[in-house]
2 protein chains.
Amino acid sequence: MAKIHEVAKAAGVSISTVSYALSGKRTISAETRRRIEQAVRDLDYRPNAGARMLAGRRTNIFALTEPFRADTHAPAHMAFVLATSIAARRFDYDILLLTEEEASAGMRRVASSGLVDGVLVLDVAPDDERVDLARRISLPSVFIGVPNDHEGLVCVDLDFEAAAGLAVDRLAELGHRVIGLVGHPPVAYEKSNFPPRVRSGFERRAAELGLVASVELPEPNGRRGEGVRASVRALLDAGTTGLVLHCDDAGHAAALDEVARRGLVVPHDVSVVSVGATFDTTAFHPPIDSVPLVPQASCDLAVDLAMRLVEGDDVAPGVHLIEPGYQDRGSTAPPP
Amino acid sequence: MAKIHEVAKAAGVSISTVSYALSGKRTISAETRRRIEQAVRDLDYRPNAGARMLAGRRTNIFALTEPFRADTHAPAHMAFVLATSIAARRFDYDILLLTEEEASAGMRRVASSGLVDGVLVLDVAPDDERVDLARRISLPSVFIGVPNDHEGLVCVDLDFEAAAGLAVDRLAELGHRVIGLVGHPPVAYEKSNFPPRVRSGFERRAAELGLVASVELPEPNGRRGEGVRASVRALLDAGTTGLVLHCDDAGHAAALDEVARRGLVVPHDVSVVSVGATFDTTAFHPPIDSVPLVPQASCDLAVDLAMRLVEGDDVAPGVHLIEPGYQDRGSTAPPP
DNA sequence: TTGAAAGCGTTACCAT
DNA sequence: ATGGTAACGCTTTCAA
């Protein structure tokens with residue numbers, strides 16, 4: 001582990017020049033810069049993290065708080081963690097994990113020990129206890145998800161209302177008049193922050209367009225997705241020709257299977273659009289149109305905002321919504 | 001953010017006394033200790049992380065490297081990450097995440113910047129590139145999983161061979177003579193480190209006991225677990241009365257469903273034992289006997305070893321195997 | 001464009 | 001049992 005002193009000696013300059021050359025906070029002559037970079041490479045120099053944290057104003061670490069709830073969907077959660085890490089690395093930041101009970105107590109701990117420059121909040125509940133905590137600590141924080149009470153907080157999320165609206169628009173444009181939403185289990189509408197937004201976006205846009213719109217919230221799947229199957233049957237019995245799916249991938253599979261069991265063909269007999277999926281809807285048969293939730297988009301924005309807060313730039317508190325995009329996979333057509 | 005200086009002043013002692021009182025590295029009179037603890041509480045003092053890293057010999061951070069492979073089983077992976085974090089907190093250590101490409105390059109980075117005291121390696125592949133890296137860097141590292149070439153490394157894992165052996169023992173004791181293993185997809189035997197160990201444990205113990213033992217490696221599941229179903233059919237057709245399952249929870253469900261479809265009842269007609277499951281096998285109907293893989297056990301041991309390495313205690317390089325335990329849930333009985 | 005030197009807040013050694 | 005103080009390795013202000 002070479003130190004800055006050795007680099008300075010090797011390059012024939014002072015340590016402050018080395019520091020400035022590395023941080024870019026001061027103009028350095030081309031020749032001097034070249035010699036320093038050479039020395040850095042030769043010695044495989046890397047600034048000591050502790051010294052940097054102590055002397056500088058930055059730790060180059062963000063905390064990521066994630067209370068693995070029992071109902072957390074592991075694959076989606078993993079995707080968000082990964083996306084956060086990738087986004088942070090673009091700014092040379094690392095991610096420190098705060099899990100479980102530590103998700104709250106840890107926030108206080110890392111804040112007052114100066115271990116991190118900011119906190120990214122994942123897996124947000126409507127009445128999340130981390131909301132108060134975020135207001136109390138002196139660190140910048142960004143919520144990935146929207147709690148009910150988000151006054152004064154910086155939040156990032158997909159515009160789920162608009163996403164559901166896009167799905168409804170598509171079906172309406174094709175001539176569907178009777179549409180249905182297959183949502184999450186009822187409990188998710190209390191414990192998670194986004195299902196209600198999909199639902200209201202669906203209902204509002206349908207009402208604006210004068211469509212007949214039903215919502216089904218299947219009970220938690222049995223081993224074979226019985227809940228979702230029952231929901232799909234109910235919707236089809238009611239003459240639904242356009243299905244909007246906002247459920248996990250097993251739910252999608254069950255719904256499509258139930259449609260097929262009826263002898264109905266997608267998109268000829270029934271049109272199907274997925275909303276808010278983090279998984280690949282082209283893996284189904286047939287591939288399904290999707291207005292996806294893209295973890296990397298949310299996390300990139302969250303980290304951008306966190307960086308701005310760290311830099312001291314002012315960021316408008318409030319919900320920063322990400323515009324949804326419609327992915328056409330051929331699973332929609334005019335009603336029969 | 002109070003500093004140690006303020007605590008010292010409030011308690012009427014020197015800063016070194018405060019430091020020693022907090023670290024416990026020196027005996028402090030009861031009265032002095034009381035005053036210091038009071039001052040710490042009053043001021044909500046927490047040592048500055050950067051200063052601590054710089055002055056002390058420790059950063060109190062472990063890196064956790066995890067290359068989210070495409071075939072990574074998200075729920076199991078999450079369980080390991082969580083367990084690692086919990087184990088680390090017991091020693092007042094935090095977890096820094098190194099994901100994806102950073103899983104390797106990051107190891108070098110955090111090692112030479114002195115950001116962490118050690119590296120925990122998750123999701124180990126048989127020919128893992130982190131093996132060489134671990135040997136090259138100067139930091140302690142502990143592998144949770146066993147790579148093919150683990151010479152000189154400290155590895156921790158469930159004794160999968162013994163686990164499979166326990167399952168075979170159980171079936172043999174009950175009188176089963178024809179048993180079968182439903183394993184992972186063939187590719188897992190190249191990309192992961194533990195499926196081969198379950199397989200060989202199964203085959204070896206069965207051979208020792210003179211049982212007829214077959215192994216089925218189902219192709220990756222279709223939507224309904226077709227691969228596993230075919231494997232179960234093949235085994236039952238061959239007169240198998242004892243089934244050992246080493247697959248994911250969807251595979252378990254498919255296998256049990258296939259048994260039921262045949263009109264066979266567990267355990268009356270067929271006995272079933274799960275090996276290496278990280279999920280709850282009591283949620284099936286009927287509940288299934290299990291020789292589980294307990295993430296917290298592996299991670300606790302891994303962190304214990306990492307701590308010893310950090311302390312400078314010498315730890316025997318090699319594979320530290322965790323003894324498996326048999327959980328009786330009533331899914332085994334003598335053959336019909 | 002560059003250098004010197006004063007911190008940053010602890011830990012741990014050397015005294016007493 | 002306690003105190004003084006020299007590191008720890010960097011960033012940044014002040015000077016030139």
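Chain naming here is simple, since letters A, B, ... match the order of the sequence lines and numbering starts at 1 in each.
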Of A:Leu54 and A:Arg33, the one whose closest nucleotide on DNA chain C sits nearer the 5' end is A:Arg33
Rounded to whole Å, the CD1-C1' distance (B:Ile36 to D:dA1) equals 11 Å
Here the distance between atom P of C:dG3 and atom CD1 of A:Ile4, to the nearest Å, is 12 Å
Here the distance between atom C1' of C:dT1 and atom CZ of A:Arg34, to the nearest Å, is 17 Å
message = Is it the case that the side chains of A:Thr72 and A:Asp123 hold a donor-acceptor pair, with the cut-off being a distance below 3.5 Å and no angle test?
response = yes
Here the gap from B:Arg109 atom CZ to A:Arg46 atom CZ, rounded to the nearest 0.5 Å, amounts to 8.0 Å
B:Lys3 NZ to C:dG9 C1', in whole Å, measures 8 Å
When rounded to whole Å, the CG to C1' distance for the pair B:Leu115 and D:dC10 reads 14 Å
Report task. Would you kindly say whether B:Asn48 and A:Ser113 are connected by a side-chain donor-acceptor distance under 3.5 Å? Result -> no
Salt bridge (charged side-chain N to carboxylate O under 4.0 Å, His left out) filter on B:Asp149, not counting sequence neighbours, yields B:Arg135
Double-helix bend of the helix from C:dT1-D:dA16 to C:dT16-D:dA1, axes at both ends from 5 pairs, round to 10°, gives 30°
Note: contacts of residues 8-32 of chain B with DNA chain C (heavy atom, under 4.0 Å) are B:Ser16, B:Ser19, B:Tyr20, B:Lys25, B:Arg26
